[in-house]
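Predicted model, so just to flag it, every value in this text is computed and none were measured. Read the numbers this way: they start at 1 and go in the same order the structure lists the ligands and their atoms. By convention here, the first residue in the shown sequence is residue 1.
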Amino acid sequence: MEIQWYPGHMTKAMRQMSEDMKLIDLVIELVDARVPVSGRNPDLEKLGKGKARLLLLNKSDLSDARENERWKKYFQEQGLQTVLLDAQKNHGMAEIKAAIQIACAEKIERDRRRGIKNRPVRAMVVGIPNVGKSTFINSFAKKAVTKTGNKPGVTKGKQWIRLNPTLELLDTPGVLWPKFEDKTVGLHLAMIGTINDEILQTEELAMECIAFLKQEYAGKLKERYEVAEDQENHVVLLGIAERLGCLKKGGEADLTRAAKLLIEDLRSGRLGRISIEKVPN
Ligand code: G4P
């Protein structure tokens, strides 16, 4: 499946982010816990060079609990402070405060040696569209400070939010665009809904989802839609259409509608907690 998607405003956003980087001590990177590889943008390494870093594996309520722990360990072993987060339900916030202190220990110590007292850590939240940046900022600040919406990258305005005497947050998150050079990356991001559905071939994506689920989460499709999984992918999709009553006027199965419902079930967690990418062995 080929996914062509390259927003024109990316260069401008990158320039803006590199300007904002000059103002901050700490980069808080949000990554979708279901795709911890494809959901990261390698440019951040360069952009955030020399800054303290914190990695938040968000939407961890939607990913496999066991994989979550493995990913956390994997990144921690690479020296990245990592916290599992559910920004929607506010789970993980206390741990984040502690992790910020650890991530910024060097800066705090440097300030102390220079005789600077109580200078707050200044942080910026970054991540790809729809990962939950606005939701996180709002939850962390405990009030609505930025607009959240279901259209990727709609957040506007710019201000510092003083969270407490030790931490200030730039209210505008830095939007990073994923890299699509690799086909698998595009597919995985389509599966979680990073990419606008208008530009996707729904049935083709549904077929990919079926193939993935059959392979990695055997039994899930059968459990939810009562379809036999040991059939060709398109036959499984047909079975889902029949089961969900997706029919066109003449009584023919509406595969596009079934595909949409399946994709939505996968993205929303109705098929259960699913990790699309697993820690390499
Ligand atoms: P962004 O700023 O990075 O673009 O993302 P934003 O906060 O707008 O969040 C995108 C969607 O992801 C929102 O759903 C938001 O509620 C949801 N979300 C954020 N964090 C989490 C999380 O930890 N777990 C889960 N399950 N969902 C999360 P939406 O469909 O746009 O709106 P709504 O469902 O909140 O109405």
> Can an N or O of Ser60 be found at a distance shorter than 3.5 Å from an N or O of ligand 1?
Replying inline: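 N/O-N/O distance below 3.5 Å does not exist for this pair.
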>> Does any part of the side chain of Met191, heavy atoms only, come nearer than 4.5 Å to the side chain of Glu208, both counted from C-beta?
In response: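 No - every pair of side-chain heavy atoms lies 4.5 Å or more apart.
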> Out of Asn130, Leu176, Val175, Ile137, whose heavy atom is nearest to atom 11 (C) of ligand 1?
Replying inline: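 When every heavy atom of Asn130, Leu176, Val175, Ile137 is considered, Asn130 comes closest to atom 11 (C) of ligand 1.
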> Given Phe140, which of Asn90, Thr135, Leu169 fulfils the side-chain contact (heavy atoms from CB on, under 4.5 Å) condition?
Replying inline: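 Of Asn90, Thr135, Leu169, side-chain contact (heavy atoms from CB on, under 4.5 Å) with Phe140 is met by Leu169 alone.
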>> Under a 3.5 Å cutoff, is there a donor and acceptor pairing between the side chains of Asp86 and Ser60?
In response: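 There is no such pair between these side chains.
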> Phe75 vs Trp71 aromatic rings, parallel, tilted or perpendicular, using cut-offs 30° and 60°?
Replying inline: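 It falls in the parallel class, under 30°.
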>> What I want to know is whether Gly132 and ligand 1 share at least one N or O pair that is separated by under 3.5 angstrom.
In response: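 Indeed, backbone or side chain, Gly132 has an N or O that close.
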> Testing Glu277, Lys183, Arg34 for side-chain hydrogen bond (donor to acceptor under 3.5 Å, both in side chains) with His188, which one passes?
Replying inline: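 For His188, the side-chain hydrogen bond (donor to acceptor under 3.5 Å, both in side chains) test succeeds with only one of Glu277, Lys183, Arg34, which is Glu277.
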>> Any non-hydrogen side-chain atom of Glu29 less than 4.5 Å from a side-chain atom of Leu54?
In response: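 They are not in contact (no side-chain heavy atoms under 4.5 Å apart), so the answer is no.
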>> Can you name the atoms of ligand 1, numbered from 1 with element, that are less than 4.0 Å from a heavy atom of Asp86?
In response: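 Contacts of ligand 1 toward Asp86, numbered from 1: 22 (C), 23 (O), 24 (N).
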> Considering only heavy atoms of Asp61, which atoms of ligand 1 have at least one such atom less than 4.0 Å away?
Replying inline: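 It comes down to these atoms of ligand 1: 22 (C), 23 (O), 24 (N), 25 (C), 26 (N).
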> Going by the atom numbers of ligand 1, which of them fall below 4.0 Å from some non-hydrogen atom of Ala87?
Replying inline: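 Listed by number with element: 20 (N), 22 (C), 23 (O).
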> Which one holds for Leu30 and ligand 1: side chain close, backbone close, both close, or neither close, with close meaning a heavy atom under 4.0 Å?
Replying inline: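 No part of Leu30 is near ligand 1 at this cut-off.
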